[in-house]
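Down below is the structure, laid out as structure tokens.
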There are 2 protein chains.
Amino acid sequence: MDKLPDPEVSVTADDVAAAAGVSRWTVARAFKKDASISPKSRDRVLTAARRLGYAPDLLAASLASDRSNLVALITNDFNNPHKLVLLERLTRILSSHGWATLLIHMSDSDDASAALLAASQRRVDAAVLIGTRFDDSVLDTALGARRVKKLVVFARYSQNPNTLTIACDDILAMGRIADHLVEGGYRRPAFLAGPDTQSAKLHRKSAFIDHWRSRTGGDVATVHAEAYDFGAAIEAVSLLFTGAMDNRPDVLVCENDILAIGAMDALRYRLGLKVPEDVAVTGFDDIPLSLSPAYRLTTYRQPITQMAEALFEVLEGKREGDVLLPGQFIPRDTA
Amino acid sequence: MDKLPDPEVSVTADDVAAAAGVSRWTVARAFKKDASISPKSRDRVLTAARRLGYAPDLLAASLASDRSNLVALITNDFNNPHKLVLLERLTRILSSHGWATLLIHMSDSDDASAALLAASQRRVDAAVLIGTRFDDSVLDTALGARRVKKLVVFARYSQNPNTLTIACDDILAMGRIADHLVEGGYRRPAFLAGPDTQSAKLHRKSAFIDHWRSRTGGDVATVHAEAYDFGAAIEAVSLLFTGAMDNRPDVLVCENDILAIGAMDALRYRLGLKVPEDVAVTGFDDIPLSLSPAYRLTTYRQPITQMAEALFEVLEGKREGDVLLPGQFIPRDTA
DNA sequence: TTGTAAGCGTTATCAC
DNA sequence: GTGATAACGCTTACAA
């Protein structure tokens, strides 16, 4: 009768080796994909392993090999539902390739050093910054405490040379949105952005403004919400429209969907305006809510799956340099 | 001149020991909270450590001590924005207590074994299941592959005796909601639940029905959405109301906010009904969107912070047994 | 193709 | 209060 795996006793490669009558090294080889091992040995090892309930200890492996197949996902923006989409895609795709993910919360107040220290103490192979709410000075401190082998900025831009950016091509994206608006006959756009800190994150804003200017020669009004959530967007938009009702914008171009949804709420429930009849709105991200009949938001979808795959390639060292991928314009009813 | 920390070379406790003129063990002691070490030695060690840029390697520590201070957060329900709130709170609170979190995606199709195996291979001290979409058979397979020291079910109920539940007290909660509705004069409630699988997750449904019956003697209609997202809720509610318009429900009690929001969208945009004038709606969770002027949803907030703190105590072995905590009723405009 | 020996950076045990 | 020594479970040489 087969012995059942005993949960109390941890079974190691040595146990399997003894059971299969081979060396510990051969056991390790049997679990490697492309190892020089005879099919017979491998089979014997795997059978024994299954019977004993053995699974390699990745912690010990990491320590010995100095490679953990572990990434830290560091983020600070838990208000935006888009984060959930990013986390879902990243964990799913990375784990399908054998990578585990450490989720690290970076509070707004303190800098990234603490997060990176935590990551490095767990010996991650790379740290991935996912977020919109930190500016580039954060990266400098992070890199000062350079304890992490690779630092990737995901779904956001970074000019920092020691950092690798994987993102959606914002210039292309905002150009596409601007084109759509020009062709739709809109003439007085306003851009609703997040907090106005000195950083590269306002890429979308400048990309839109540049493109709009070159196509129409016209100017673009600008508002900053105090945070990336719809509450802040409601305040910002209310303020904007109560100010100058005589020559009000005919379209609100928003840095992301959550701001766009706040903008729509403000227009409808605070200002009594209709979307898109009175004012049109565009977003960015295509969060699930954008599809809801209450919003039906015209937006732009980031190529998250491809971005996640690109991250995987970067982690494996199969790819170098920044990655900028084109997304997809999603026209719905709000513009 | 002080040498700057060299990122290329990893500095170990031995280096610090040499620099401080003590043994490696003393270095370790200096980093322990309540270790028997003289203040002088500790100070000398910490100074040397700071100068060399030393931080203990938690991987090696885990291997040696058989304690990783690492938890696996396993989830499969990335459609519900409430997950983001849970993740935020858990990572923040756990990390403030020195615990790191592994985020593991459990795909709907396969069982929990893969996720638990992944967790155990990283030697987590506990696995925490966060989700609504698995039924109890999943727990059985998970426990069959019993590789993880502790298995906690968070923000959901489990009857499994090998599992520890930390959740909001649903009976109390649904009782509170039912009371509010009875007092509000509602008479024909319908309950909108998620997918109808055989499991304990329909706790809220039965809790509401029981309470409603005992207070009014009346029955409660029931609908099941095919998934926990607002698209599925829209379909389910549309179907329910096109069926029997003669004696339609006057209030829709929803298992959570995301279903409630879908229900409201269906009522307003598909059926042309007004909330709460024609049909009232209640939710559960108090996700950020519930506060939006488009919804202003009457709902019930789970005590997430306390639940997270309870999890911490369970992890540290300071607490045993299931934890059921009371939440807070949040009356807004929809009921 | 397979086995042997020496690490990886910490903690645990037990002396001093 | 402090230090030596043996684990922890694996991988990386290198030798057979």
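So you know, we letter chains A, B, ... as the sequences are listed, proteins then strands, and number each from 1.
A/Cys168 and A/Met307 make their closest contact through N-SD, 4.0 Å (heavy atoms, listed as atom of the first residue, atom of the second, distance). Here the closest non-hydrogen pair linking B/Ala126 and B/Leu315 is CB-CD2, 3.4 Å. For the residue pair A/Asp125 and A/Asn69, the shortest heavy atom distance occurs at OD2-N, 2.7 Å.
Of the possible donor and acceptor atoms, none in the side chain of A/Thr26 sits under 3.5 Å from a partner among the backbone N and O of A/Val22. A donor-acceptor pair is defined here as one N or O able to donate and one able to accept, closer than 3.5 Å; such a pair exists between the side chain of A/Asp15 and the backbone of A/Thr12.
A/Glu313 and A/Arg319 are joined by a salt bridge, as a carboxylate oxygen and a charged side-chain nitrogen come within less than 4.0 angstrom of each other.
A nucleotide of DNA chain D counts as in contact with chain A when one of its atoms lies under 4.0 Å from a heavy atom; the first and last such, 5' to 3', are D/dG9 to D/dA13. Along DNA chain C, the stretch of nucleotides lying under 4.0 Å from any heavy atom of chain B spans, 5' to 3', C/dG9 to C/dT13.
DNA chain D is contacted by B/Thr26, B/Arg29 of residues 26-33 of chain B, taking any non-hydrogen atom closer than 4.0 Å.
Annotation: side chain of A/Met106 is not in contact with side chain of A/Thr75 (no heavy-atom distance under 4.5 Å).
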_Could you go through B/Arg123 and B/Asp66, starting from their C-alpha distance and side-chain angles, then the distance that decides it, and tell me whether this counts as salt bridge (Lys or Arg N to Asp or Glu O under 4.0 Å)?_
CA-CA 8 Å; B/Arg123 287 189 165 237; B/Asp66 199 35; 2.9 Å; yes

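At the heavy-atom level, B/Ser41 lies under 4.0 Å from the strands shown only through sugar-phosphate atoms. Looking at heavy-atom distances under 4.0 Å, B/Ile37 makes contact with sugar-phosphate atoms alone, never a base.
Nearest-nucleotide mapping onto DNA chain C: of B/Ala60 and A/Arg42, the residue sitting toward the 5' end is A/Arg42. Comparing B/Arg123 and B/Arg24 against DNA chain D, the residue whose closest nucleotide sits nearer the 5' end is B/Arg24.
Classification of the B/Tyr54-B/Phe31 ring pair by plane angle, with boundaries at 30° and 60°, yields perpendicular.
The side-chain contact (heavy atoms from CB on, under 4.5 Å) with A/Thr91 is formed by just one residue from the set B/Leu102, B/Leu103, B/Ile104; it is B/Leu103.
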